[in-house]
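Report on the structure given below.
The sequence lines fix the lettering, A, B, ..., with proteins before strands; numbering per chain opens at 1.
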Amino acid sequence: MHRIAERKEDFMVRTRFAPSPTGYMHIGNLRTALYAYLTARRNKGVFILRIEDTDQERNIPEAVAAIYKGLALAGLTYDEGPDKDGGFGPYVQSERLNIYREYAEQLISSGGAYRCFCKKGDLDVGEEGPKRRDPCRFLSPEGVQEKISLGESFVIRQRIPEEGSTHFVDAVYGEITVENSQLDDQVLLKSDGFPTYNFANVVDDHLMEITHVMRGQEYLSSTPKYNLLYESFGWSIPTYVHLPLIIKEDGSKFSKRLGDPSFEDLVKMGYLPEAIVNYIALLGWSPGDDREFFHLKELEAIFDIDRINKSSAAFSFDKLTWLNGEHIRALTPEAFHQLALPYYPAALLQYDTQKISELMQVRTEKLTDIPAMVAFFVAVPEYDLDMYVHEKSKCDPQISLEILRASLPVLENLDTWNNDSLFTALKTFGTEAGYKTGTVMWPIRTALSGVLATPGGATALAEILGKEETLCRIKDAIAKLESASGV
RNA sequence: GCCCCCAUCGUCUAGGGGACCAGGACGUAGCCCUUUCAAGGCUAAGACCGGGGUUCGAAUCCCCGUGGGGGCACCA
């Protein structure tokens, strides 16, 4: 039944992403998925999605959907998975219970495992001293039979050798050796018949012919136990690729529970999925040259396990924000416009939003910044008069009033209303009146926006606002300046 | 407590015995450009955890120390 198909491509790289359904995509998980995906793609291999839902108490309904959604959002397409049979299914662990039971029994027969009748927590390690072996591992076959017939529930535990040490080579961390005496007789099959992760991952990775087991570094120390399992079964050991942790800049854990964003959260915060993926790729891996901007497709061509780092990496929102800006600027104007549109207030639609987007694209770092940046188009906010003070433009409220008054007829008489004609007209006006261009533009820009920074200068704003609204706002500003100065 | 892992600018990193008085990026500061702010360009400050070895020579190799992280569940 669960026989391994004879494959010609024995060397075919097969990687897997095996999340448990928690309801969201943790940043660390996303990176694990990404690296596994990239390794498969780079080697023309197969990327598999497997759902690890062996914890009955922790399963969240709908959580599997979040996994699909997350992967799709990131652009990580899998070749085999629950909804994409590749002949190695089922790809959901709760549907493989009979398989685990069968292999657990096999292990008991070969002596690699035994039944344990202790109650939960009985074997908890003490504060000090070597951990003691489970008494049940020494139970006679008769004793076991007796307890079974009495209906006592049991778990199946791995029988770790008393002597010796276990050694393996990790693709990232190199050689690792652990004394067997340090390893505990971990539970393989729980009393509810479900396997533990520790057992299921070994059985599945073998049956699914995973060549590169990629996972977080937190599994590094239990890997010797998995090796012992592989050995007990007589299976060949896959290449292990343990990934360094992702932490925060203060060195603490990056955790959803502690309020740190998940992948989905980051997207809601205005980051582009592609920028997040790009950034995540660089947390723990480097291409070897100075490039930092990558599209997924480019990563697929150059990602290399050999260049994965050992030490944990801190997640920097600053750098992600910068990279997000890079990705935004790399978008076509139309693509950016489509992304920006949902962030524009309804009232903005009276204007040429396409043009607004053109001005916004180079200035947007996060999509969520957009509403605040365009709010003035809809309505000029209350602002202080010293907004008209600008040293570099040699401007103050007095001069501003002069300029606004004088430029009003210039604008009123302008027939062609676009950025170029506006700029030419105002520049000419300034030259003739003896003002620097900047001195003319500052009060107008301020009058039109009421804010310190705008996407585009005075004439760009005027073009978008249109002649009528522009003149109206300038008159308002004149009135405001007049009432303040008492003139 | 025991075991395992890690250690280059604040952060991400390049570096795998001489090409390093350590390179790039983010962030920070300044300048240029300029119709505000950005973007772009230029410049500056900023690191090999400490101590021993090995070697003609060490950021690179070894050992010890220190610091940080991870693991020791019928969770993954």
For Lys392(A), answer base if it contacts any base atom (sugar-phosphate contacts may also be present), sugar-phosphate if it contacts only those atoms, and nothing otherwise; contact means non-hydrogen atoms under 4.0 Å. base
Are Tyr219(A) and Tyr226(A) an aromatic pair by the rule of ring centers under 6.0 Å? no
Does the separation of the ring centres of Phe17(A) and Tyr78(A) fall below 6.0 angstrom? no
Quote, to the nearest angstrom, the C1' distance that separates A14(B) from G53(B). 27 Å
Check every strand shown and say whether Asp170(A) touches a base, only sugar-phosphate, or nothing at a heavy-atom separation below 4.0 Å. nothing
Examine Tyr100(A) together with Phe194(A) and report whether their ring centres are nearer than 6.0 Å. no
What's the gap between C56(B) and C64(B) when it is taken at their C1' atoms, as a whole Å value? 26 Å
Using the P atom in both, what is the distance from G52(B) to G18(B), to the nearest Å? 23 Å
Both Glu218(A) and Ser222(A) contact RNA chain B. Which one's nearest nucleotide lies toward the 5' end? Glu218(A)
Are Asp260(A) and Ser255(A) close enough that a side-chain donor and a side-chain acceptor fall under 3.5 Å? no
Determine the contact category for Thr177(A): base if any of its heavy atoms lies under 4.0 Å from a base atom, sugar-phosphate if only primed atoms, P, OP1 or OP2 are that close, otherwise nothing. sugar-phosphate
Note: for Thr459(A) and Asn198(A) on RNA chain B, the residue whose nearest nucleotide lies more 5' is Thr459(A)
P gap between A58(B) and G51(B), integer Å: 14 Å
Distance between the C1' atoms of C49(B) and C33(B), in whole angstroms? 43 Å
How is Gly216(A) classified with respect to the nucleic acid when contacts are heavy atoms under 4.0 Å: base, sugar-phosphate, or nothing? nothing
Under 4.0 Å, counting only non-hydrogen atoms across every strand here, what does Tyr219(A) touch: a base, just sugar-phosphate, or nothing? base
Take atom P in G67(B) and the same atom in G50(B), then report the distance between them in whole Å. 15 Å
For the base of U36(B), is there a side-chain donor-acceptor partner from Thr454(A) under 3.5 Å away? yes
Using the P atoms only, state how far A7(B) lies from G15(B), rounded to an integer number of Å. 13 Å
Between protein and nucleic acid, restricted to nucleotides 7-11 of chain B and to nitrogen or oxygen atoms under 3.5 Å apart, what atom pairs and distances do you find?
| from | atom 1 | to | atom 2 | distance (Å) |
| --- | --- | --- | --- | --- |
| U11(B) | O4' | Glu249(A) | OE1 | 3.2 |

Charged N-O contact under 4.0 Å between Arg363(A) and Asp369(A): no
Interface polar pairs with nucleotides 39-47 of chain B, N/O, under 3.5 angstrom:
| from | atom 1 | to | atom 2 | distance (Å) |
| --- | --- | --- | --- | --- |
| G40(B) | OP1 | Glu326(A) | OE2 | 3.4 |

Verify the distance criterion only: is there a donor paired with an acceptor across the side chains of Asp250(A) and Ser252(A) at less than 3.5 Å? yes
Which base, if any, makes a Watson-Crick or G-U wobble pair with U66(B), both distances under 3.5 Å? A7(B)
Work out how far the P atom of G27(B) is from that of C12(B), and round it to whole angstrom. 15 Å
With a 4.0 Å limit, can you tell me whether Lys436(A) has a side-chain N or O closer than that to the phosphate oxygens OP1/OP2 of U35(B)? no
So what does Arg307(A) hit on the nucleic acid, given a heavy-atom distance under 4.0 Å: a base, only sugar-phosphate, or nothing? sugar-phosphate
